[in-house]
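Take a look at the structure set out below.
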Amino acid sequence: MKTINHYVDGAEYPGTSGNTQPVLNPSLGKPQAEVALASTEDINHVIASAQNAQKGWARLNPQKRVRIIMKWIALINENMDELATTLSLEHGKTFPDAKGDIQRGLEVLEFALGAPHQLKGEYSSEVGTGIDTYSMRQPLGVVAGITPFNFPAMIPLWKAGPALAAGNAFILKPSERDPSVPVRLAELFVEAGGPAGVLNVVHGGKESVDALLDSDVVQGIGFVGSTPIAQYIYERCAATGKRAQCFGGAKNHAIVLPDADIEATADTLVGAAFGSAGERCMALSVVVPVGQETADNLRDAILKKIPSLNVGHSLDASSDYGPLVTQDAKDRVENYIEQGQSSGAELLADGRTLDMSSASFDGESLAEGFFTGPTFFDHVTPDMSIYTDEIFGPFLSMVRAETLEEAVKLPTEHEYGNGVAIFTSNGGAARDFATAVNVGMVGINVPIPVPIAYHTFGGWKASGFGDLNQHGPDSFRFYTKTKTVTSRWPDEENAGPQFSMPVMD
Ligand code: NAD
């Protein structure tokens with residue numbers, strides 16, 4: 001069976017631990033490869049490689065760095081189908097969705113091409129007589145990204161693009177569940193002319209992450225994953241004075257007002273709740289119709305659409321969505337169906353009834369794949385675990401509200417604050433909602449409001465720890481530190497020692 005090794009100094013690195021973990025094909029429920037897991041010694045080797053490469057990379061002028069990134073973008077595009085196929089086979093998202101994963105990552109690389117502009121400092125002349133002050137943005141040095149399974153191309157590129165363009169060396173610790181695409185992206189960076197060691201990839205779990213967190217050389221950590229790990233990493237970085245941005249889980253609400261187009265909204269909701277098997281941090285998992293009539297109409301419209309959803313092999317062009325990532329993920333989602341039933345919510349569509357026992361694709365049985373059908377509950381209330389917890393599966397809960405005020409309170413008071421959407425034809429109501437709601441990213445008639453690359457992406461509350469968002473101008477602020485220089489060129493007039501604090505007059 002193929003082993004997916006670490007990628008260090010521009011070459012495969014098998015590591016010294018001898019430990020590996022299976023990489024599954026979730027559509028078949030079978031291992032397809034194994035991934036090497038790093039020891040602390042391996043992490044130290046990777047850090048030394050990055051430290052060695054970083055100084056020369058930072059000395060290149062920003063335009064030369066972005067020319068390499070420009071070539072990298074071209075190579076990723078040339079290899080798009082191969083990358084998307086690998087991604088789909090390891091993650092379980094459909095091929096078009098896998099392409100979208102890569103494409104949204106590429107957009108941040110394109111944004112990072114503006115590094116010469118983003119890295120410009122400020123200059124003030126004559127802040128005192130003969131004195132000028134200027135600032136410059138310098139790279140942090142060696143930084144690391146720890147990324148989740150659900151976007152194995154997009155999130156690594158969101159972090160690596162601005163970090164590299166700013167002159168840092170970047171160590172990527174992707175999810176061990178779908179590690180091939182991150183390695184391939186690093187190979188393409190070197191093929192594009194990126195110096196060896198500037199972008200390394202290392203696989204592993206807690207031991208590897210802890211070694212990165214405890215290193216004196218690593219200056220910044222960009223994390224995306226579940227909330228408990230995000231908080232753990234943020235706290236551990238704070239304890240040693242390391243810069244960190246840590247993004248966590250989500251529970252995204254869609255508020256539907258009586259004046260919304262119910263058919264169009266139902267279409268949108270079905271895609272946003274069940275697409276990618278609900279394994280998106282911006283998936284809509286709670287719908288809040290305002291008024292009983294809106295709720296009844298929306299419920300009927302969603303229920304009409306669910307039976308036509310096609311769940312199948314991730315590479316089957318007729319699949320609307322594929323399997324969950326592991327058997328554990330499937331068990332977890334299906335356990336929440338039981339919890340919803342026992343807490344008294346009304347189960348309208350039950351994902352457990354999906355029968356794949358005789359399904360096959362390309363001659364292979366799908367009976368052992370980690371599939372679950374779409375689940376839809378009505379009459380969910382805020383005290384139920386299916387409302388409070390992130391389920392991360394094809395699972396939609398309807399919470400009924402009588403007024404807009406009551407509806408806005410739900411996402412505002414929820415523990416998570418990643419994304420939220422409102423569906424309405426009333427501009428004033430939408431505008432007030434966007435201002436009032438206590439959530440980081442808002443969609444107005446847009447279900448999954450992932451901001452475009454030149455704006456920033458980040459959730460609030462338990463969905464994000466740290467003050468600077470991903471991509472957009474914040475990413476350059478995160479991956480650089482500001483140095484401010486105050487300068488005076490001595491002449492005879494101001495020569496000699498000064499013993500009191502200088503003041504500007
Ligand atoms: P996860 O937290 O299990 O893993 C994320 C990363 O942390 C992986 O690289 C993993 O190897 C590492 N890790 C796991 N356990 C660790 C530990 N004990 N100590 C140190 N590191 C550890 O998350 P996941 O299951 O890969 O991804 C799904 C989660 O990510 C969901 O909660 C989802 O909402 C969230 N997510 C959030 C965003 C966002 O922008 N807010 C985006 C995508 C995914």
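Every number for a ligand or one of its atoms is a count from 1 in the order of the listing. Being a predicted model, the structure only gives us computed values, none of them experimental.
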| query | For Asp81, does its backbone N or O pair with a side-chain atom of Thr85 as donor and acceptor, under 3.5 Å? | reply | yes
| task | Would you mind running through ligand 1 and noting each atom that sits below 4.0 Å from a heavy atom of Ile155? | result | 42 (C), 43 (C)
| field | Minimum-distance protein heavy atom relative to atom 27 (O) of ligand 1 | value | Pro148 CB, 3.3 Å
| Does any N/O atom on Thr227 come nearer than 3.5 Å to any N/O atom on ligand 1? | no
| task | Heavy-atom contacts with Gly204 under 4.0 Å: which atoms of ligand 1 show up? List them by number with element. | result | 11 (O)
| Trp57 (side chain) donor-acceptor with Leu164 (main chain) under 3.5 angstrom | yes
| What are the atoms of ligand 1, with element, lying closer than 4.0 Å to any heavy atom of Gly249? | 32 (O), 34 (O)
| query | Checking Lys173 against Phe223: charged group under 6.0 Å from the ring centre and within 45 degrees of the axis? | reply | no
| task | Enumerate the atoms of ligand 1 whose separation from the nearest heavy atom of Ile146 is less than 4.0 angstrom. | result | 6 (C), 7 (O), 9 (O)
| Should Arg177 be listed as contacting ligand 1, given a heavy-atom distance under 4.0 Å as the test? | yes
| Closest protein heavy atom (residue, atom, distance) for atom 26 (O) of ligand 1 | Phe149 N, 3.0 Å
| request: State the atoms of ligand 1, each with its element, that fall below the 4.0 Å cut-off from a heavy-atom position in Phe392. | output: 28 (C), 31 (C), 33 (C), 34 (O)
| note | The protein heavy atom nearest to atom 7 (O) of ligand 1 is Phe223 CE1, 3.3 Å
| task | Record the part of Thr147 in heavy-atom contact with ligand 1 below 4.0 Å; permitted values are side chain, backbone, both and neither. | result | backbone
| message | So if I count the atoms of ligand 1 from 1 in the order they appear, which ones are less than 4.0 Å from some heavy atom of Pro174? | response | 9 (O)
| Using 30° and 60° as the class limits, which term best fits the ring planes of Tyr234 and Phe465: parallel, tilted or perpendicular? | tilted
| request: Could you tell me whether Lys409 atom NZ has more than 12 heavy atoms of other residues or ligands within 6.0 Å of it? | output: no
| Does any N/O atom on Lys206 come nearer than 3.5 Å to any N/O atom on ligand 1? | no
| Within the distance-only criterion (no hydrogens, no angle test), does the side chain of Ser27 pair as donor or acceptor with the backbone N or O of Ser314 below 3.5 angstrom? | yes
| message | For the 3.5 Å polar cut-off, considering only N or O atoms, please tell me whether Glu390 and ligand 1 meet it. | response | yes
| field | Closest protein heavy atom (residue, atom, distance) for atom 22 (C) of ligand 1 | value | Ile229 CG2, 3.7 Å
| Could any protein non-hydrogen atom be found less than 4.0 Å from atom 32 (O) of ligand 1? | yes
| query | What is the nearest protein non-hydrogen atom to atom 23 (O) of ligand 1, stated with its residue, atom name and distance? | reply | Ser226 N, 3.5 Å
| field | Electrostatic pair Arg332-Asp389, nearest N-O below 4.0 angstrom | value | no
| message | Does ligand 1 come near enough to Gly225 that some N or O of the ligand is less than 3.5 Å from an N or O of the residue? | response | yes
| request: Return yes if some donor-acceptor pair links the side-chain N/O of Asn252 with the main-chain N/O of Ser285 below 3.5 Å, else return no. | output: no
| task | Answer yes or no: are there more than 12 heavy-atom neighbours, outside Glu41 itself, under 6.0 Å from its atom CD? | result | no
| With Ile47, the side-chain contact (heavy atoms from CB on, under 4.5 Å) member among Val8, Asn52, Leu212 | Leu212
| message | Taking a cutoff of less than 4.0 Å between a non-hydrogen atom of the residue and any ligand atom, is Gly458 in contact with ligand 1? | response | no
| said: Out of the candidates Lys251, His253, His414, only one should pair with Tyr387 under the side-chain hydrogen bond (donor to acceptor under 3.5 Å, both in side chains) rule; please name it. | reply: His253
| field | Sub-4.5 Å side-chain heavy-atom contact between Ile255 and Pro411 | value | yes
| query | Within the distance-only criterion (no hydrogens, no angle test), does the side chain of Asn168 pair as donor or acceptor with the backbone N or O of Pro139 below 3.5 angstrom? | reply | no
| remark: Under 4.0 Å between heavy atoms, the region of Pro228 that gets near ligand 1 turns out to be neither
| query | Is ligand 1 under 4.0 Å from a heavy atom in the side chain of Arg280, in the backbone, in both, or in neither? | reply | neither
| request: Counting heavy atoms only, name the option from Gly419, Cys281, Pro182 that's nearest to atom 42 (C) of ligand 1. | output: Cys281
| task | Look at the aromatic rings of His91 and Phe149 and report parallel, tilted or perpendicular, splitting at 30° and 60°. | result | parallel
| said: Under a 3.5 Å distance rule, please check whether Arg352 uses its side chain to pair with a backbone N or O of Ile337 as donor and acceptor. | reply: no
| query | Just distances here: any N/O of Gly205 and N/O of ligand 1 closer than 3.5 Å? | reply | no
| request: Could you list the atoms of ligand 1 found under 4.0 angstrom from a heavy atom of Asn150? | output: 43 (C), 44 (C)
| query | When only distance counts, is Gly248 in polar contact with ligand 1, meaning an N/O pair under 3.5 Å? | reply | yes
| message | If I apply the N/O under 3.5 Å rule, does Tyr232 come out as touching ligand 1? | response | no
| task | Please state which part of Val209 comes within less than 4.0 Å of ligand 1, counting heavy atoms only: side chain, backbone, both or neither. | result | side chain
| message | Using a 4.0 Å cutoff against the non-hydrogen atoms of Phe457, which atoms of ligand 1 qualify? | response | 40 (O)
| Any donor and acceptor pair, going by atom type alone, linking the side chain of Asp42 with main-chain N or O of Thr16 inside 3.5 Å? | yes
